[in-house]
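Here is how names work: the chains are called A, B, and so on, in the same order as the sequence lines, proteins then strands, and each is numbered from 1.
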Amino acid sequence: MLPTPSQTVGPFYGYALPFLQGGDMAPAGHDDSAITVYGHVFDGAGDPVPDALLEFWQPAPDGSRTGAPGSLRRDQTTGGYAGRDGLTFTGFGRVATDADGRYAVRTLPPGGVPYLSVCVFARGLLHHLFTRVYLPGPDCDADPLLTALEPERRSTLIAEATAERVYRFDVRLHGDKETVFLDFP
Amino acid sequence: MALTQQDISREIAERSRAFAEAGQTRHHPARDYAPYRSSLLRHPKHPLVTVRDPEAVELSGPVFGVTDVTDLDADLTRQHAGEPLGERITVTGRVLDREGRPIRGQLAEIWQANASGRYAHQRDQHPAPLDPNFTGVGRCLTDDEGRYRFTTIKPGAYPWRNHTNAWRPAHIHFSLFGDAFTQRLITQMYFPGDPLFAYDPILQSVTDAAARDRLVAAYEHDLSVPEWSLGYRWDIVLDGPAATWLEEGR
């Protein structure tokens with residue numbers, strides 16, 4: 001069957017798609033092992049993009065890729081968001097960039113692979129873009145995607161450790177140091 | 001000089017002609033579609049890098065369940081104390097993969113402007129009234145046949161600032177998850193016969209006319225509820241590969 005075409009997320013998704021604790025993927029009890037990934041989304045002029053939406057998907061620390069419900073757990077009394085349950089790792093996160101074009105997620109290290117999968121949406125972007133946040137380390141040296149890229153392009157996929165278990169990963173949509181974006185045929 | 005509809009329509013026609021001459025099939029919009037001015041600095045210049053790794057994490061995807069939706073979420077006309085203004089409609093259809101298999105138990109999210117064409121968003125300040133009884137956000141899980149169903153009101157057209165006198169045709173934003181992250185889709189559903197289609201660079205960014213038609217719902221009289229609402233059907237086919245192991249595991 002022929003696919004339904006993509007259309008831009010537009011500027012007005014902010015009251016619909018982001019949810020409470022969307023970026024708090026790590027359950028509250030895992031403070032010792034949780035990692036933080038943060039950064040900016042930039043356009044081709046180097047300006048921050050204040051209306052981008054990033055989604056993250058990853059295996060659990062044990063390598064499981066089944067995920068779990070409960071990312072946008074609801075409050076049955078008010079109809080609002082209850083926040084995550086504090087125990088379950090769903091593998092899914094969603095964050096909008098703020099007025100500075102900045103985002104942050106707190107998650108658990110992915111099991112079996114050195115990367116988090118990212119889907120980027122924005123006003124002005126007619127079709128979402130996939131990329132990956134690689135966490136620096138020896139596993140990156142054997143990764144089939146990274147090793148196939150020119151060093152300069154490869155570096156756009158590898159997050160920079162800025163503190164213990166804290167990583168910076170900027171997304172550049174266009175032009176100078178443009179992030180590598182992925183296609184899955 | 002201010003950019004006119006004529007300028008944008010000329011660009012749309014040029015891109016349409018170039019597409020026809022190239023004789024290609026293209027289901028999705030090009031990301032660098034200049035008539036939609038916001039795309040200029042927000043599309044990659046490098047080609048996408050193809051990933052053929054059967055172990056790619058993206059071949060699996062997030063899951064959702066009864067904790068993630070409430071029963072009222074699929075009825076956008078019942079989220080406030082009073083009834084929203086506008087033409088009450090029911091929108092339903094199936095979410096399928098490229099093989100025609102239903103996408104079961106997955107999250108469908110919608111958002112839209114109210115009947116006057118105004119979003120409940122602080123950055124939408126154009127002079128049309130807000131409706132205190134309408135927010136315009138809905139959610140549901142697809143059933144075992146891949147079906148979704150929303151009750152809402154028909155959104156209005158609204159102006160935007162791509163060029164002078166730019167108006168968006170009425171549309172509902174849809175966000176869909178497949179069984180794999182690769183199948184993720186955010187798109188817009190339009191209403192049949194809207195006179196604004198030809199003027200809109202966002203819809204026209206889908207340069208293939210047959211693909212564009214797949215963004216337009218069908219009015220279906222049998223879906224209309226007597227004395228209550230008008231019915232529209234819109235089926236959605238998600239692109240992208242899905243991991244077969246997921247299918248086997250169900």
Check against side chain to side chain contact (heavy atoms under 4.5 Å, CB included), B:H171 and A:Q7: CA-CA 11 Å; B:H171 59 273; A:Q7 292 271 270; over 6 Å; no
Heavy-atom pairs under 4.5 Å with chain A: which of B:A210, B:G138, B:A120 has the most? B:A120
Just so I understand: if I count every heavy-atom pair under 4.5 Å between each of A:G67, A:S117, A:A122 and chain B, which residue has the most? A:S117
Per-residue contact mode, A:A45 against chain B (heavy atom under 4.5 angstrom): both
With a 4.5 Å cut-off on heavy-atom pairs, point out which of B:R168, B:Q122, B:E55, B:R37 contacts chain A the most. B:E55
Is the backbone of B:T67 close enough, under 3.5 Å, to the side chain of A:R74 for a donor and an acceptor to pair up by distance? no
Any ion pair linking B:R184 and A:E55 (charged N to carboxylate O, less than 4.0 Å)? yes
Count the heavy-atom pairs under 4.5 Å between each of B:Y36, B:W160, B:F64 and chain A, then report the option with the highest count. B:Y36
Side chain to side chain contact (heavy atoms under 4.5 Å, CB included) for B:T25 and A:L2? Distances and angles first, verdict last. CA-CA 11 Å; B:T25 305; A:L2 298 175; 6.0 Å; no
Can you list the residues of residues 145-154 of chain A that sit under 4.5 Å from chain B, counting heavy atoms only? A:L145, A:L149, A:R153
Between B:D32, B:V69, B:L238, B:L72, which has the largest tally of heavy atom pairs under 4.5 Å with chain A? B:V69
Are B:V57 and A:R65 side-chain neighbours, meaning at least one heavy-atom pair lies under 4.5 Å? yes
Determine whether a donor-acceptor pair (N or O, by modelled atom type, separation under 3.5 Å) exists between the side chain of A:D43 and the backbone of B:L41. no
Supply the atom-to-atom distance A:L182 CG to B:T182 OG1, rounded to the nearest 0.5 angstrom. 12.0 Å
Please classify the contact of B:W234 with chain A as side chain, backbone, both or neither, using a heavy-atom distance under 4.5 Å. side chain
Show your reasoning for whether side chain to side chain donor-acceptor pair (under 3.5 Å) applies to A:T4 and B:R214. CA-CA 6 Å; A:T4 305; B:R214 296 199 291 275; 5.7 Å; no
Is the number of heavy atoms from other residues, nucleotides or ligands under 6.0 Å of B:Y199 OH greater than 12? no
Just checking heavy atoms, which of residues 161-175 of chain A are less than 4.5 Å from chain B? A:L173, A:H174, A:G175
Proximal to chain B - members of residues 89-114 of chain A, heavy-atom separation under 4.5 Å: A:F92, A:R94, A:V113
May I ask you to name which of B:D208, B:L96, B:T135 has the most heavy-atom pairs under 4.5 Å with chain A? B:T135
Given that the side chain runs from C-beta out, which part of A:Y81 has a heavy atom under 4.5 Å from chain B: side chain, backbone, both or neither? side chain
Could you have a look at B:V51, B:V137, B:T70 and say which one has the most heavy-atom pairs with chain A under 4.5 angstrom? B:V51
Side chain to side chain, A:P5 and B:R212, heavy atoms closer than 4.5 Å: no
To the nearest 0.5 Å, atom CE of A:M1 lies from atom CG of B:D239 at 12.5 Å
Measuring only between side-chain heavy atoms, which start at C-beta, is A:L129 closer than 4.5 Å to B:P44? yes
In terms of heavy-atom pairs under 4.5 Å, which option from A:Y115, A:W57, A:F181, A:F42 contacts chain B the most? A:W57
For B:D71, does the CG atom sit with more than 12 other heavy atoms under 6.0 Å from it, leaving out its own atoms? no
Mind listing the side-chain donor-acceptor pairs of residues 10-20 of chain A below 3.5 Å, one per line with the distance, residues two or more places apart or on another chain?
{"unit_1": "A:Y13", "atom_1": "OH", "unit_2": "A:D51", "atom_2": "O", "d": "3.2"}
{"unit_1": "A:Y13", "atom_1": "OH", "unit_2": "A:A52", "atom_2": "N", "d": "3.4"}
{"unit_1": "A:Y13", "atom_1": "OH", "unit_2": "A:A52", "atom_2": "O", "d": "3.1"}
{"unit_1": "A:Y15", "atom_1": "OH", "unit_2": "B:Q112", "atom_2": "O", "d": "2.9"}

Measuring heavy-atom distances to chain B, does A:P144 have an atom under 4.5 Å in its side chain, in its backbone, in both, or in neither? side chain
Under a 4.5 Å heavy-atom cutoff, which of A:G124, A:G44, A:S6, A:P3 has the most pairs with chain B? A:P3
Portion of A:F130 that has a non-hydrogen atom of chain B nearer than 4.5 angstrom: side chain
Any donor-acceptor N/O pair, B:E58 side chain to A:F184 backbone, under 3.5 Å: no
Measuring only between side-chain heavy atoms, which start at C-beta, is A:V180 closer than 4.5 Å to B:H46? no
Quick one: what part of B:R26 sits under 4.5 Å from any heavy atom of chain A, side chain, backbone, both or neither? neither
As a test of understanding, state which of A:V49, A:T8, A:L126 forms a side-chain contact (heavy atoms from CB on, under 4.5 Å) with B:R42. A:V49
